[in-house]
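The model shown is predicted, which means the values in this text are computed figures rather than measured ones.
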Amino acid sequence: MLQAFSTWLHGTTLSWAVAGGIPWIWPACETLHFMGLALLVGVVGVLDLRMLGMAKGLPLGPLQRLMPWAILGFGINMVTGFLFFAGDPFQYIHNIAFGFKLLFIGLAGVNVILFYVTCLSRTVDGVGAGHDVPPAAKLVAATSLFLWVGVMYWGRMLPFIGNAF
Amino acid sequence: MQFLLWLERSALGSWVRESSSLWAYPTILFAHTVGLGFLVGTNTAVDLRMLGFAERLPLAPMERFFSVMWLGFWVNALSGTLLLIADASTKLTNPVFYVKMAFVTLAVVNMVLIRRRVFRDPALDTAPLAGPAKVLAVTSLFFWMGAITAGRLMAYFGPVSGAPGLQNRIP
């Protein structure tokens, strides 16, 4: 099914355009992908580091108001990432690094969902300046940092462990 | 040019470029990406706060994150130097590389200015940020975006560089 989807996608005009039919699209998407990365890792990183005890003077409620920017970064990278995939699906579907990248993104998503469904986020929201978050929230923060650095690792390894450029 | 060729053909330059070990080119490039994420990302978070987002968040405690920015900077200065040695004759003759360095220099000077002018201001968090502080936040975002764009375009303009077999170019 993945094979069939990839074959169909590869035949679309979108795929042609991204893969070089319109030459500036690929480099422009790569540039945006790095900007999205910085936005996501920066905002999530600041939040995670605060939960782990750095810059304790920051109250967590107001700090979480920066999260829409991380979501924007994630959105930019979802769109540009999909465009790379559309441009040349076959360099990704059999690419082990791509598989791990998607797995790590998925795990980061599960981590966030757990943070919300366990109501940990609401507890954290009320943690003011100078106070510690519960140990469970520290675990979520450390996991998040590990997973996002992991996503960058697998993304970088696409051409080296896998076969993408 | 002789010197650049000598540099990239040195044992270190050749190893970074041609070793099949994941610890060579791939890991150095990965470090450069993580450094970018933390350096530009933490700067961006501070800039956004300075521009008025999350306005109930006090700025003063965010000064702690300058250590994260500097860590990211040094990781990238080191990994960038290694990548540069490996491709000295191509990268140092690529005008886009100098554009990138100009943007990085401006961005880092901007970052130091934010710390000195905004974070060392005794009135910080007691009064709304003044216009010049907001200008520094905007220029910071602009310089970092410029650095990222130029860095990425180095793979498309000028002489081909990078690990052998790595074709990061439009066909």
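- Val124(A) and Ile113(A) end up in different hydrophobic clusters when Ile, Leu, Val, Met, Phe, Trp and Tyr side chains are linked at under 4.5 Å.
- By the 6.0 Å contact criterion, CD1 on Ile96(A) is open, its count of non-hydrogen atoms from other residues, nucleotides or ligands being 12 or less.
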Verdict with supporting geometry, Trp26(A) and Tyr156(B), side-chain contact (heavy atoms from CB on, under 4.5 Å): CA-CA 10 Å; Trp26(A) 190 281; Tyr156(B) 296 92; 3.2 Å; yes
I'd like a table of donor-acceptor pairs (distance under 3.5 Å, sequence neighbours excluded) in which one partner is a side-chain atom from residues 31-39 of chain B, with atom names and distances.
unit_1	atom_1	unit_2	atom_2	d
His32(B)	ND1	Ser79(B)	OG	2.9
Thr33(B)	OG1	Arg156(A)	NE	2.9
Thr33(B)	OG1	Leu29(B)	O	2.9

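- There is a path of hydrophobic side-chain contacts, each under 4.5 Å, that joins Ile28(B) to Ile85(B).
- Nearest approach of Arg152(B) to Glu30(A), heavy atoms of both residues: NH1-OE1, 2.6 Å.
- Residue Val109(B) is grouped with residue Met69(B) when hydrophobic side chains (ILVMFWY) are merged at heavy-atom distances under 4.5 angstrom, including chains of intermediate members.
- Each salt bridge (charged side-chain N to carboxylate O under 4.0 Å, His left out) pair with one or both residues in residues 115-139 of chain A, not counting sequence neighbours, appears once here: Lys56(A)-Asp132(A), Arg65(A)-Asp125(A), Asp132(A)-Lys138(A).
- Within residues 126-149 of chain B, the residues having any heavy atom closer than 4.5 Å to a heavy atom of chain A are Met145(B), Ile148(B), Thr149(B), listed by residue number.
- Nearest heavy-atom pair, Pro62(A) versus Ala54(B), reported as atom, atom and distance to 0.1 Å: O-CB, 3.5 Å.
- Looking at every heavy atom in both residues, Met54(A) comes nearest to Ser67(B) through CE-OG, 3.4 Å.
- Chain A forms the most heavy-atom pairs under 4.5 Å with one residue out of Gly72(B), Ser20(B), Pro26(B), and that residue is Pro26(B).
- For Arg117(B), the CZ atom is loosely surrounded, since the number of other residues' heavy atoms within 6.0 Å does not exceed 12.
- Residue-level contacts of residues 66-84 of chain A with chain B, in order of numbering, are Leu66(A), Trp69(A); threshold 4.5 Å between heavy atoms.
- When heavy atoms are compared at a cutoff of 4.5 Å, Leu47(A) does not approach chain B at all.
- The heavy-atom pair separating Pro59(A) from Pro58(B) by the smallest distance is CD-CD, 3.4 Å.
- The minimum heavy-atom distance linking Leu58(A) with Phe65(B) is given by the pair CD1-CE1, 3.5 Å.
- Here the straight-line distance linking atom CG of Leu63(A) with atom CZ of Arg56(B) works out to 11.5 Å at 0.5 Å rounding.
- The CZ atom of Phe30(B) lies 12.5 Å from the CZ atom of Phe160(A); values are rounded to the nearest 0.5 Å.
- When each of Arg50(A), Gln64(A), Met157(A) is scored by its heavy-atom pairs under 4.5 Å with chain B, the top score falls to Met157(A).
- Only the side chain of Leu49(A) comes within less than 4.5 Å of a heavy atom of chain B; its backbone N, CA, C and O stay farther away.
- When the candidates Leu39(A), Leu60(A), Val41(A), Ile161(A) are compared by the number of heavy-atom contacts under 4.5 Å with chain B, Val41(A) comes out ahead.
- With a 4.5 angstrom heavy-atom cutoff, Leu22(B) touches chain A only via side-chain atoms.
- Contact annotation for Met152(A): both backbone and side-chain heavy atoms come within less than 4.5 Å of a heavy atom of chain B.
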